[in-house]
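Here's the structure we're looking at; comments come further down.
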Amino acid sequence: PTLGYPETVLGFAYLAEFDTQAALDAFRRAADLDQGSPLPHLGLGLALIADRDIAAGRRELETAVALDPANATMRSYVAKVYGVEHRQKLTSSQLGLAKRFDPSDPTPFLYEALHQLNENRPVEALQDLDSAIELNGNQPAFRSRFRLDEDAATQSAGIGRVYRELGFEQLALNRGWQAIERDPMDYAGHRLLADVYSTTPRHEIVRVNELLQSQLLQPANLRPIQPDLALPSLFVLDAVAPNNRSYSEFSPLLTKNG
């Protein structure tokens, strides 16, 4: 009962079950017991964000970064929160520091690519996504092979989306097929194919089929799109990241409720 680290682990266990109040209590106890550790503040920030208090959650993440300034993972997640708040300069600076502190981590490259897409800079996004795919095997050793395949699938779908923005529809289709081959249960690849087929003549049946599969597989908190809408750009940019919770991936906790 006098150690803060078990309380931190307990907080993340509660957070994985979306029991935010129990997680908040556990992280606060951990922060009181181990005041120099950044992990309780990271967890507390994620729990507050999951509880829809983005400003308070961001302050806790900033505290975690202050306690461990060279931690690339924490800088990546605080950058993602800055992106939610539309603070573009801070997002870019934090992701740049994360890349410098841990050049072998694909996470900041993936988040930077999403940031570039939102800024309508698809060429730079393509470069960052290429880097993320090259570095994908440098995830922590306790991250399973299945998780790495899921990462690769979502990154392939993301890079296909960039090809689609640049007008390279065939390359986008190739990436979508590769994403589905890597992980047939990943909705992002199906959504990408539906996006590309939406502007391809005489492909209405396959477009509706792919969009329906993506809706059946996507997380429940993403906004659904009716399959009968023949609209381009159906891809959900905010969710181009691993969408299953694990002890090394906190992206789903930062996904906005659509």
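Note that the numbering runs from 1 along the sequence shown for the chain.
With sequence neighbours excluded, the residues satisfying side chain to side chain donor-acceptor pair (under 3.5 Å) with S92 are H115. Applying the side chain to side chain donor-acceptor pair (under 3.5 Å) rule to D53 yields no partners; only residues at least two apart in sequence or on another chain are considered. Take F109 and apply the ring-ring contact (aromatic ring centres under 6.0 Å, His included) test, not counting sequence neighbours, and it matches no residue. Not counting sequence neighbours, the partners of E124 by the salt bridge (Lys or Arg N to Asp or Glu O under 4.0 Å) test are R121. S76 is linked by a side chain to side chain donor-acceptor pair (under 3.5 Å) to nothing, counting only residues two or more places apart in sequence or in another chain. Under the side chain to side chain donor-acceptor pair (under 3.5 Å) criterion, R87 pairs with E85, sequence neighbours left out.
Under a cut-off of 6.0 angstrom, the local environment of CD in E204 is crowded, with over 12 non-hydrogen atoms contributed by other residues, nucleotides or ligands.
Residue pairs meeting the ring pair (Phe, Tyr, Trp, His ring centres under 6.0 Å) criterion with at least one member in residues 20-48, sequence neighbours excluded, are F12-F27. Within the structure, every pair that satisfies the salt bridge (Lys or Arg N to Asp or Glu O under 4.0 Å) test and touches residues 5-15, not counting sequence neighbours, is listed here: E7-R29. Residue pairs meeting the salt bridge (Lys or Arg N to Asp or Glu O under 4.0 Å) criterion with at least one member in residues 59-79, sequence neighbours excluded, are R58-E62. Sorted by first then second residue, the ring pair (Phe, Tyr, Trp, His ring centres under 6.0 Å) pairs that include residues 46-71, not counting sequence neighbours, number zero. Counting only residues at least two apart or on different chains, no ring pair (Phe, Tyr, Trp, His ring centres under 6.0 Å) pair has a member in residues 43-74.
Remark: of the listed residues L216, L212, L211, I180, I180 is the sole one forming a side-chain contact (heavy atoms from CB on, under 4.5 Å) with H190.
One distance of note links CZ of R191 with CG of L217; it measures 10.5 Å at 0.5 Å rounding. Atoms CG and CG, on L24 and L46 in that order, are 10.5 Å from each other to the nearest 0.5 Å. Atom CD1 of residue I49 and atom OH of residue Y77 lie 11.5 Å apart, to the nearest 0.5 angstrom. How far OG1 of T73 is from CG of D102: 7.0 Å, rounded to the nearest 0.5 Å. In this structure, CG in N71 is found 9.5 Å from CG in D105, a value given to the nearest 0.5 Å. In this structure, D19 CG and Y14 OH are separated by 7.0 Å, a value rounded to the nearest 0.5 Å.
Across P108 and K99, no two heavy atoms sit closer than the pair CB-CG, 4.0 Å. The heavy-atom pair separating A30 from T8 by the smallest distance is CB-OG1, 3.3 Å. Looking at every heavy atom in both residues, G167 comes nearest to E169 through O-OE1, 2.6 Å. Nearest approach of L42 to A64, heavy atoms of both residues: N-CB, 3.8 Å. The two residues L192 and R175 make their nearest non-hydrogen contact at CD2-C, 4.3 Å.
Under the 4.5 Å side-chain heavy-atom criterion for ILVMFWY residues, a single connected hydrophobic cluster contains both L126 and L171. Each of L90 and F101 belongs to its own hydrophobic cluster when Ile, Leu, Val, Met, Phe, Trp and Tyr are linked at side-chain heavy-atom distances under 4.5 angstrom. Linking ILVMFWY residues whenever their side-chain heavy atoms come closer than 4.5 Å, directly or via other members, leaves L97 and L67 in distinct clusters. If you chain together hydrophobic residues whose side chains sit under 4.5 Å apart, V9 and L3 never meet in one group.
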Which side-chain N or O atoms in residues 32-40 pair as donor and acceptor under 3.5 Å with protein atoms at least two apart or in another chain?
residue	atom	partner	partner atom	Å
S37	OG	L39	N	3.4

Problem - L193 and L173: CA distance, side-chain angles, deciding distance, side chain to side chain contact (heavy atoms under 4.5 Å, CB included) verdict - result: CA-CA 6 Å; L193 291 177; L173 286 173; 3.7 Å; yes
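Side-chain atoms of T91 come within 3.5 Å of backbone N or O of G83 as a donor-acceptor pair.
Aromatic ring orientation, H203 versus Y197: parallel (interplanar angle below 30°, classes split at 30° and 60°).
Contact check for L61 versus Q94: no side-chain heavy atoms found under the 4.5 Å cut-off.
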